[in-house]
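Working notes, beginning with the structure itself.
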Amino acid sequence: MPQPAGGIAIKDVVGQDVVAENVATRDVAIVGAGPVGLCLALELAALGLTVTVIDRAPWEALASPDDDGREIALTHASRRQLAAAGIAIPEDRMAPIREARLYNGDPPHGMTLASARGEAQDGIGQLVANHLIRRAAFEAVRDVDRIELITGHGVQALNGGADWRSVRLDDQRDIPARLVVAADGRLSVTRRLAGLSAQIHDTGQRLLVRRMAHERPHRQTTWSWFHGERGLALLPLAGDTASLVMTLPPEDAERLEAMSPTAFAAEATRLYRGCVGEMTCLDALHDYPLTVSHADRLVADRVALVGDAALGLHPVTAHGFNVGLASVRRLVEALALASHAGTTADVGAAAGLASYARHHQRAIVPLWHASRALVALYGDTRPPARLARHLALGAARRIAPLQWLMEGYLARH
């Protein structure tokens, strides 16, 4: 898109006019070089747009991310989207999920939430290590001419004019663009700088994850148990290995963190009721704070939110990353449709952003409320809660938002 003669006039952080001479205006500046932000960059570049991706992490950390212990459950729709964008994940690094089961307290039989019976041979989804997705996404963008990467710098301010916005970096550089996209997580700095409010809830709980080996086969089944404030999940990996995901009060998390690997394995075997026999630890224990968030609005003047900056779900849903990729798909579709309709040649114009906000909010609001209701119900420690949970699970299969949440709504949309 053409640059105004003489450079771009930008308001600096004290409100004075400055001119960025010889700086070409990008079509899009994306803040956040996680897989969602990088997938968006690839899809926009495929439309012929110029994109700058900004992240405060150094290049080395993005190119070779540490293993953070987290496993991502990919729906078939998400796998296809990543592959179409050029993000290649080797098949042998994926672990199929054939069935998902949920247990209310200590009953011998759980509820089957989803099953691959009668479906594709590769199951209802795949588990992939988070660091492998991050690395594959970064490798995919490195040699794309239309994508520029700025690493090791954070965002200080957002400024703008009639038909552009500018991202002010912490080294005082300005990155002008027609559209700024916040892909910097559920505590997004860019969202706050754009004046977009969000409901942010610190649950006060901790999320512990660890990979384990075990005696008996998991049969490619995920298990989830709820006991008041404690939530436990087992995610099936390759062979007789699994990832344990524990949502715990701080005091329980601290007790487990203080254990030796041998003591932790014995306690995990007990907590998981020996469902896969005796366990042994394969790697380090990882600990994360648990915060959920939902942006009240998804767009502002030439700004859009995607990924966790738009909606950060509780891990009980197992769909957070898929929701993020769905936001990318809806934003790209809205911008492409506006352009093809001839309503605008400006990627940051209001029409395309309004269409994106309308369609994505329509999809995520039921997920937000359903996930909050599900977590609240399973966190209730009062005696009648177990009966209420049992009745709610039965009803959930007939109530659309909960059914979507538990049976893979995103896989069908």
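The basis for the numbers below is simple: all heavy atoms, side chains too, and nothing from hydrogens, waters or symmetry mates.
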Side-chain polar contacts of residues 296-303 - donor-acceptor pairs under 3.5 angstrom, sequence neighbours left out - could you list them?
unit_1 : atom_1 : unit_2 : atom_2 : d
Asp296 : OD1    : Gln199 : NE2    : 3.3
Asp296 : OD2    : Ser197 : OG     : 2.6
Arg297 : NH1    : Val299 : O      : 3.3
Arg302 : NH1    : Arg178 : O      : 2.9
Arg302 : NH1    : Asp346 : OD1    : 3.0
Arg302 : NH1    : Asp346 : OD2    : 3.1
Arg302 : NH2    : Asp346 : OD2    : 2.4

Considering only heavy atoms from C-beta outward, does the side chain of [X] approach that of [Y] to under 4.5 Å?
X      : Y      : result
Asn130 : Phe321 : no
Glu257 : Leu208 : yes
Gln126 : Glu91  : no
Asn322 : Ile72  : no
Leu207 : Asp287 : no
Arg168 : Asn159 : yes
Tyr356 : Ser327 : yes

Measuring centre to centre across the rings, with the benzene-like ring taken for any Trp, is Trp225 within less than 6.0 Å of Tyr272?
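Yes, they do, as the ring centres are separated by less than 6.0 Å.
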Counting only pairs under 3.5 Å, give me each side-chain donor-acceptor contact of residues 38-48, with atom names and distances, residues two or more places apart or in other chains.
unit_1 : atom_1 : unit_2 : atom_2 : d
Glu43  : OE2    : Gln81  : NE2    : 3.1

Qualifying residues under side chain to side chain donor-acceptor pair (under 3.5 Å), relative to Glu333, sequence neighbours excluded
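For Glu333, no residue satisfies side chain to side chain donor-acceptor pair (under 3.5 Å) once neighbours in sequence are set aside.
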Where does the angle between the aromatic ring planes of Trp59 and Phe138 fall among parallel (under 30°), tilted (30 to 60°) and perpendicular (over 60°)?
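Taking Phe138 first and then Trp59, their aromatic rings stand perpendicular (interplane angle over 60°).
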